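To start, the structure itself, in structure tokens.
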Amino acid sequence: MPFIMNVLFKVAKINNLGEEKIINFGSYRKDMGKDFIKDLNEAQQKAVLAFKGPSLVIAGAGSGKTRVLTYRIAYLLSQDIPPGSILALTFTNKAAREMKERIGRLVGPERARYLWMGTFHSVFSKILRREGHLLGYPSTYTIFDTTDSKSLVKKIIKELDLNDQIYKPGEVYGRISSAKNNLITPQAYFSSAQLMEMDKRTRRPRIADIYKLYALRCKKSNAMDFDDLLLNLYILIRDFPEVLARYQEQFRYILVDEYQDTNYLQYRIINQLSSRYKNICVVGDDAQSIYSFRGARIENILNFKHDYPDYHLFKLERNYRSTRNIVGAANSIIARNRDQISKKIWSKKEAGEKVKLIRATTDNEEGYLIANLIQDAVYAHQLHHQDIAILYRTNAQSRIFEEALRKLNIPYKVYGSLSFYQRKEIKDLLGYFRLTVNPYDEEALRRIINYPARGIGQTTLSRLEEIAASRDKRIWDILLSMDDYAGVFNQGTIRRLKAFAALINGYRENLQTMEAFDLAYSIAESSGIMKDLHYENSPENLSKWENLQEILNGIKEFVETQDQAEDTTLDSFLQSVSLLTDADSEKEEDRDKVTIMTAHSAKGLEYRFVYVTGLEEELFPSRMSSNTREELEEERRLFYVALTRAMEQVTLSYANTRYRWGVPVNSVPSRFIREIEPEYMDQPFEENPDEPYRPTWKFSQKKVESVPVTTEKMKRMKPVSRTSAPSPSGIHFTADDPAEIQAGMQVEHPRFGQGKIINLEGEPPNRKATVFFKEHGQKQLLLKFAKLKIIR
DNA sequence: GGAGCTTCAATTTTT
DNA sequence: TTGAAGCTCC
């Protein structure tokens, strides 16, 4: 089975595969100016060749933005600029990976390898690993993910005896995050009359206190959250001019992707780093700025001309992706925004199909109609499933499409569902790794000190925390000197705490000497996590166990593919893994599937057929973002992003009634439908048509090839809710006595339908059956839970 | 410590 | 409606 970490290393692999195609760099280089550049249009060429001085590239949707960036870097290399002096920053790992891969194909993987290319966070974390000691961080600092951060905020709210109904951890964390991204330290927060006033008005005057404590506790844990990676890098270059000078010298050429999404902090860092040589190239599209709610500042792109008055401006306006109708429709939408840089996106492709509109009575019908359209389109247009995407405004809408697609046996993947790295078992194991590398990491410690259960309960933990707080110590230091606390804890507790400290210390001793993989493996075994999962032999535990194996395999591969020995340590692995997201764990078997995701996560992707769904007022545009013109314009840009993902066909849909939180709500079609110029629409949009428009799909139940579903696949699918998935045979479902079930029997499962018992093992009540289901493939089920009905 | 209950909240989210 | 979190009871 291909494992999840694969992607991390794909770059190297693909480069190796692509080796034959790589033209010898040395000889290729001479012709670079001519041949190499021929692949580009005139505007793109200009943007690539102007490598000295500041450049702003406004790159419309589908205009070859990545192409320009990659060719520009390749061109820099051809001018004998060493790869180590090129810094290229992206927002996603995926974008960085793709670019590196493409550059590798142009100039050879060897040279591409030494580029400083990655996300803001990953590049900065690397620098901070090296320089963080100047700010008081060891190189083994932990990176807190959002879950860690929120849980710490929540804990602090409790400690300060504040009401978490008023101080909602998520919101408070959001305030802290946005403060950091605007370069506001806790001290600055306290002295900002405006912020304090605002918090007072929202009846949360103590956010500043929470922020201050939060920052202290992160530091005490030797930890940085995502924002700290940026903030600390900024502080580093602000307070240590010699460090700044060093990196200014090193990064003589700086490139930034998706510049419209940079926040103030990122902007300041880039500005500082590039201020010496000013060889900076930023690429972006103001029309695709959709993250202002997270602090992205569209002004950064608009103000570029003030920061670098002698800049070159390049506009890429030719769209290579979409048909003329799609480009026309998208243009007619974005034209309604006031704030934008003027540009004319055009396409030379055929006019293509007009934008279709589906009106459904209910949200369920919407799912059903779209799924059927997809089934027919695959057949009629010879599409692969991977050519299709369903987009929506909120994640909650995914369920309906999942159910509808599953009923028609159309393979799909949900982008951005529960991340692999957020799963409990993964976080537990990583927690052990984290504590081993950095025993001051209190989030990790709290997570695992009693998992697997070792008799260290909430009471003990609270007392430890109390002592730590009152004596200004760290929990780990207390654990190391348990003998001083004989009066505080009873003998048994002291023994157990000592044993835990000894366990972690044992791992720590091996940190320097053992191979990362061997150490990780031995931790997984001896910590008792593996044993805990074997304790009950349920399918859930089996899949958890498989997930742990994937992480371990990932470490093995990580170790094997690193260039330098210092990168093969467990802490190096931990740092890279902390910055990965679900999108980075795509698997080979997930390739040819319909993608369903939010419009936000679709940015940067393209599909032949795109379905933009849930186009209703208060949903898309979102109710929370319809208050000001600015907010509404951002929603409109989001819709623009959704439309411009499509190469050949766009279908819009809305429902008259939608269940929201269990209550049916009547809805009004989105203003965005009306805002598309009618000439690009398949049929005029009528506010209240007598006959709801229905597509003319036939009821042919064409059998799409049945896809065997493995446990892995099931895991990625959210289970269908019990009530909405009636028994496949339609009969009322009553389970039969598990004791009567024998191998070879035909049975029916409420969710998986009919199947055959292949094997039985274990003793009641933990008797486990291996069942082969016609529709869902082979599954392992515990009889006491499975509710199987015997058919014959 | 965990099963099983109730309660309550509920956008978007590259790292 | 889902789901997470908190609570109670063994």
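Every value quoted in this text rests on a predicted model; they were computed, and no experiment measured them. Chain letters run A, B, ... following the sequence lines, proteins first, then strands; residues in each count from 1.
A/K424 forms a cation-pi arrangement with A/Y451, by the criterion of a distance under 6.0 Å to the ring centre and an angle within 45° of the ring axis.
Taking every side-chain heavy atom of A/K158 into account, C/dG6 is the closest of C/dG6, B/dT13, B/dG1. Side-chain proximity of A/F293 to the nucleotides C/dA5, B/dT12, B/dT15 is greatest for B/dT12. Which of C/dT1, C/dG6, B/dT15 sits closest to the side chain of A/R294 comes down to B/dT15. In the set B/dA10, B/dT15, B/dT14, the nucleotide with an atom closest to the side chain of A/T119 is B/dT15. Side-chain atoms of A/A453 lie closest to B/dG1 of the nucleotides B/dT14, B/dT12, B/dG1.
The nearest whole Å value for the distance from the CG atom in A/L89 to the P atom in B/dT14 is 18 Å. When the C1' atom of B/dG2 is taken as reference, atom OH of A/Y451 falls 13 Å away, rounded to whole Å. Whole-Å rounding puts the A/E402 CD to C/dT2 C1' distance at 13 Å. Taking atom CE of A/M117 as the reference point, atom P of B/dT15 lies 16 Å away to the nearest angstrom. Going from atom CE of A/M624 over to atom P of B/dA9 covers 14 Å, rounded to whole Å. Here the P atom of nucleotide B/dG1 and the CD1 atom of A/I449 are 12 Å apart, to the nearest Å. Regarding A/I400, its CD1 atom lies at a distance of 13 Å from the P atom of C/dT1, rounded to whole Å. Protein atom NE2 of A/H600 is 15 Å distant from nucleotide atom C1' of B/dT15, rounded to whole Å.
Exactly one of A/L652, A/L391, A/I334, A/I290 qualifies for a side-chain contact (heavy atoms from CB on, under 4.5 Å) with A/F639. That residue is A/L652. The only option from A/T262, A/L265, A/L87 that meets the side-chain contact (heavy atoms from CB on, under 4.5 Å) definition with A/I270 turns out to be A/T262.
Distances shown here put a side-chain N or O of A/S601 below 4.0 Å from the OP1 or OP2 atom of B/dT13. Residue A/T598 places at least one side-chain N or O closer than 4.0 Å to OP1 or OP2 of B/dT13. In this model, the phosphate group of C/dT2 is not approached by any side-chain N or O of A/N395 to a distance below 4.0 Å at OP1 or OP2. The side chain of A/K154 contributes an N or O atom lying less than 4.0 Å from OP1 or OP2 of C/dG6.
Within 4.0 Å of A/D261, counting heavy atoms only, lies at least one base atom of the nucleic acid. Across all strands shown, A/Q165 has heavy atoms under 4.0 Å from sugar-phosphate atoms exclusively, and none from any base. Among the atoms of the strands shown, only primed sugar atoms or phosphate atoms (P, OP1, OP2) are found under 4.0 Å from some heavy atom of A/G457. Residue-level contact check: A/S578 touches neither bases nor backbone, having no heavy atom under 4.0 Å from any strand. Across all strands shown, A/N93 has heavy atoms under 4.0 Å from sugar-phosphate atoms exclusively, and none from any base.
Across B/dT13 and C/dA4, the matching P atoms stand 16 Å from one another, rounded to whole Å.
Heavy-atom distances to DNA chain B give each of A/F91 and A/G662 a nearest nucleotide, and the one nearer the 5′ end belongs to A/G662. Nearest-nucleotide positions on DNA chain B place A/G455 closer to the 5' end than the other of A/G455 and A/E634.
You'll find the side chain of A/F293 stays beyond 4.5 Å of the side chain of A/E631, heavy atoms only.
Side-chain atoms of A/T394 and A/Q397 form a donor-acceptor pair, as typed in the model, at a separation below 3.5 Å.
Residue ring and nucleobase are not stacked for A/Y291 and B/dT12 under a centre distance beneath 5.5 angstrom and an angle between planes beneath 30°.
Annotation: ring pair (Phe, Tyr, Trp, His ring centres under 6.0 Å) contacts of A/F401 (sequence neighbours excluded): none.
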